[in-house]
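Let me begin by presenting the structure, written as structure tokens, before commenting on it.
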Amino acid sequence: MGALDGLSLTHEHGKSRVRVCRVWREGNMHYMAEWSVNVSLVSDVEDAFTKGDNRGIVATDTCKNTVYVVAKQCKERCSAEEYAIKLAQHFLKNYSHVSEVTVAITEKPWVRATVEGQPHKHGYQLAVAKHTVEVSLPRSGPLKLVSGVADLTVAKTTQSGFSDFYQDQYTTLGSVSERMLATSIRSTWTYSRLPSDMTATFEGIKTTLAETLYGPPDKGVFSPSVQATLFHMAKAVLAKYPEVALVHLNMPNIHFLPVKLPFVKFEDDVFVATDEPHGTIQATLRREEVPRSRY
Ligand SMILES: O=c1[nH]c(=O)c2[nH]c(=O)[nH]c2[nH]1
């Protein structure tokens, strides 16, 4: 019997939260991207775990250095998705004993500043909603690309209600046809084919999610529950983006509670703002033809 004594070992290693900023200079117009990068390698290094033999290990420090090397090699402005794919490919190309690479990136939302109504050549401001990317690249088998958005926090002050829910002896919540709705959207979507412009597709999906929640600018759209709104948002993304195979949405219900005091009449105007506890609502919507085994 070997070192595993009849047991089975699965393992991976890499480096997490490697922070890199890439600046591209196109004349005096500059472009910046800031990424926090996680790299994870599945490789034939069982002996390191079972025998203390490190000869096959691509050091996690090397993984960290490679993040910077591949950023340098991206001579042309690129999306986080394109960079993640290039980084994953680097590991498969350079290390024959690596069988699968996962690269996960969170991009900080730096946006170009506007000064005197003009886009600034090199001034940026940090927004809130983050861009996320996860690439899984096996040596044999298709690349999987999951993009997403996190901390896309939105609210509307009307056009939301919640009624006719299950009632029992523990229920105290009353039905309402008027309330505030607020959530911090975390969404990921899986591509069945790569879009030609990944940055534009990311921006488009982010906008589709928020705009479906708000509805038209003058009237909005009524939300009977976070669940129903979540479903409409995911459906809108699948309808608009044929290259998306499935959408996952996580939408906490952030409560704004009516202030009801004997001496203050509540007229949908003064609320207790909270962030916890919050409702937890999530769902995945996939095209029927998408095999579950693939995604
Ligand atoms: O939109 C809602 N969905 C729920 O599941 C729920 N539960 C709750 O207490 N309030 C709400 N609101």
Side-chain angles (χ1 to χ4, degrees), residues 79 107-120 123-132 147-164 175-189 195-244 246-259 266-275 278-285:
S79 64
E107 176 167 13
K108 274 210 181 178
W110 288 109
V111 290
R112 188 172 298 286
T114 303
V115 176
E116 294 168 5
Q118 302 269 335
H120 199 279
Y124 277 81
Q125 219 171 61
L126 192 61
V128 182
K130 300 183 185 79
H131 179 187
T132 63
S147 293
V149 64
D151 301 334
L152 178 57
T153 303
V154 292
K156 52 186 201 168
T157 54
T158 187
Q159 288 286 46
S160 165
F162 187 61
S163 59
D164 301 324
S175 287
V176 282
S177 57
E178 176 67 37
R179 66 173 184 175
M180 284 186 63
L181 189 153
T183 187
S184 181
I185 302 165
R186 189 146 49 83
S187 178
T188 53
W189 52 90
S196 52
D197 185 338
M198 301 208 228
T199 304
T201 306
F202 164 74
E203 292 296 338
I205 292 177
K206 191 171 74 170
T207 304
T208 301
L209 289 170
E211 290 187 354
T212 307
L213 178 138
Y214 299 133
D218 48 348
K219 294 195 180 68
V221 61
F222 184 72
S223 163
S225 63
V226 173
Q227 284 87 337
T229 295
L230 179 156
F231 177 72
H232 277 118
M233 291 159 67
K235 221 172 149 197
V237 171
L238 291 180
K240 210 161 163 188
Y241 295 92
E243 61 273 55
V244 173
L246 71 86
V247 185
H248 178 78
L249 272 164
N250 180 308
M251 290 177 37
N253 187 10
I254 299 170
H255 304 297
F256 284 81
L257 307 170
V259 168
F266 178 66
E267 295 176 302
D268 295 302
D269 50 357
V270 182
F271 300 83
V272 180
T274 74
D275 48 19
H278 57 72
T280 307
I281 293 147
Q282 57 177 326
T284 303
L285 189 65

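Given the structure is predicted, the values throughout are model-derived calculations rather than measurements. Worth knowing before you read on, the calculation uses all heavy atoms, side chains too, and leaves out hydrogens, waters and symmetry mates. Sequential numbering from 1 along the given sequence is applied to the chain's residues.
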Shortest non-hydrogen contact from Val244 toward Leu238: O-CD2, 3.5 Å
Test side-chain contact (heavy atoms from CB on, under 4.5 Å) applied to Thr212 and Phe231, step by step: CA-CA 10 Å; Thr212 307; Phe231 177 72; over 6 Å; no
Closest non-hydrogen atom pair, Leu249 against Leu230: CD1-O, 3.5 Å
Residue pair Tyr214 / Val154: nearest heavy atoms and the distance that separates them: OH-CG1, 3.2 Å
Distance-only donor-acceptor check, side chains Thr158 and Glu178, under 3.5 Å: yes
Ser187 side chain vs His248 backbone, donor-acceptor pair below 3.5 Å: yes
Side-chain heavy atoms of Asn253 within contact of Ile281, under 4.5 Å: yes
Taking every non-hydrogen atom, the tightest pair across His120 and Gly123: ND1-N, 2.8 Å
Heavy atoms from other residues, nucleotides or ligands near CG of Asp197 exceed 12 (cutoff 6.0 Å): yes
Whether Phe202 and His131 hold their rings parallel, tilted or perpendicular, with breakpoints at 30° and 60°: parallel
Rounded distance [0.5 Å steps], CH2 in Trp189 versus CD in Glu243: 11.5 Å
Crowding at CZ, Arg186 (>12 non-hydrogen neighbours, <6.0 Å): no
Short side-chain to backbone donor-acceptor contact, Gln159 and Lys219, under 3.5 Å: yes
Approximate separation, where rounding is to 0.5 Å, of Thr183 OG1 and Leu209 CG: 11.0 Å
NZ on Lys130 to CG on Asp151, rounded to 0.5 Å: 4.0 Å
Smallest separation among heavy atoms of Gly215 and Val221, with atom names: CA-CG1, 3.5 Å
Closest approach of Arg179 to Ser225 (non-hydrogen atoms, all atoms of both residues): NH2-CA, 4.1 Å
Pairwise distance CG(Leu213) to NE2(His232) - rounded to 0.5 angstrom: 12.0 Å
Pairwise distance NZ(Lys156) to CZ(Phe222) - rounded to 0.5 angstrom: 8.5 Å
Close side-chain approach of Tyr241 and Val247, heavy atoms under 4.5 Å: no
Pairwise distance NZ(Lys206) to OG1(Thr201) - rounded to 0.5 angstrom: 13.0 Å
CD/Gln125: more than 12 non-hydrogen atoms of other groups inside 6.0 Å: no
